[in-house]
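Report on the following structure.
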Amino acid sequence: MAEDPGSQGSYLPQLLRRGTALAAAGCAFVAGCSAAGGGETRYENSPQFKDGGFHNMANPDLPAQASAWRIWSRFIVGSKVDTVPVDPIPVKPLDKPTLDALDTKTNHVVRLGHSSHLLKLRDKYWLIDPVFSDRASPVQWAGPKRFHKTPIALEELPPIEGVILSHDHYDHLDVATIEYLSKDVKRYFVPLGVRSRLLAMGVPADRVTELDWWQSAEHDGVKLTATPAQHFSGRTLGDRDRTLWASWVVQSGDQRIFYSGDSGYFPGFKQIGERFGGFDIALMENGAYDSMWPAVHMTPEQSVKAFEDLRGKVFFSVHNSTFDLAFHNWHDPLDRIAALTEARKIELATPVIGEVVTVGAARTNTRWWVGLR
């Protein structure tokens, strides 16, 4: 499949904010050049790898994207309205005794912010795309700054059994977080190519499991399967699509959890739903969408369609309410997904940051953002 024109546009807001845009990009480029070093690991046996990079599934309905120049220009000189909350985002503090008291015979999901989650899979703790830094950026003096603190400090986390990563963008793969966790986490599960990123951050090589789409691995009673997504990768201006991106299926006991990672809407969701027969809960991307980059992020309407393709039972909204990465107002993803799921009688989970969602348990969902500016 040909490279999606301009799709790096949704990556740029992860690096840049107005005024510091060019400086942050320059730092990222210099860092990338110095880190590139020697030869490049190749993955010719992967159906996704061709001509030196990874590619999305064929999609005849792939929408056209704006040029990279148009997207750059919009982020540098365009105006934003209501993209950052004025009022504090509610956060429910977490501590280890509270987490340890959770039922060890089932599975729990705790939203840490954006797409970062702490899982308690029966009696062991896992992390998905953990980002604890203040900014989703290659530098901490520029780039999108988080709207709220994490509900638990990095230093206060319980022992982590495994980390699951969807791709290498800065709002999903955070250097400071991985460096802190590097020696203590027992296992890392990543898409092809991301292993080299982790090794550079101090993670021992024998703890990283790389998977292509549809490949599976098991660890301590949990089965992980990397599944397709429609996105792209890169951490500098010169390493586009050198690593793969993925969604994930997590099977713990008799329950299945789906995590979309970042993705545009594509036929792969239906394939995943057919192969796995549905999910007890699906953590679905719902934010950072824009008409300029429709191939790599979903609108709320598309997220609901993807959820229905997946045959999910509970729609868990992620990828919003933490970083300013697009031009829609900060609460638009939540407003729209709440209305859509109510109309279609889909069970919705929009937990407060730090709230524990127990998979398969009844809960009362709240629209915590209503009334906040």
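We use all heavy atoms of the structure for the numbers below, so side chains are in, but hydrogens, waters and symmetry mates are not.
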State whether [X] and [Y] are salt-bridged, where the test is any N-O pair (Lys NZ or Arg NE/NH1/NH2 against Asp/Glu carboxylate O) under 4.0 Å.
X: Lys186; Y: Glu161; answer: yes
X: Arg336; Y: Asp332; answer: yes
X: Asp290; Y: Arg74; answer: yes

Gap separating the NE2 atom of His331 from the CZ atom of Arg373, nearest 0.5 angstrom: 11.0 Å

Is it true that the side chains of [X] and [Y] contain a donor and an acceptor less than 3.5 Å apart?
X: Tyr265; Y: Asn59; result: no
X: Glu210; Y: Tyr43; result: yes
X: Gln48; Y: Asp212; result: yes
X: His169; Y: Asp262; result: no
X: Ser115; Y: Asp129; result: no

Donor-acceptor contact below 3.5 Å, side chain Thr177 vs main chain Val131: no

N/O donor-acceptor pairs under 3.5 Å from side chains in residues 278-286, not counting sequence neighbours:
| residue | atom | partner | partner atom | Å |
| --- | --- | --- | --- | --- |
| Asp280 | OD2 | Arg256 | N | 2.8 |
| Glu285 | OE1 | Met298 | N | 2.8 |
| Glu285 | OE2 | Ser263 | N | 3.0 |
| Glu285 | OE2 | His297 | ND1 | 2.5 |
| Asn286 | ND2 | Ser317 | OG | 3.0 |
| Asn286 | ND2 | Pro333 | O | 3.0 |

Plane angle bin for Phe323 and His114 - parallel if under 30°, tilted between 30 and 60°, otherwise perpendicular: perpendicular

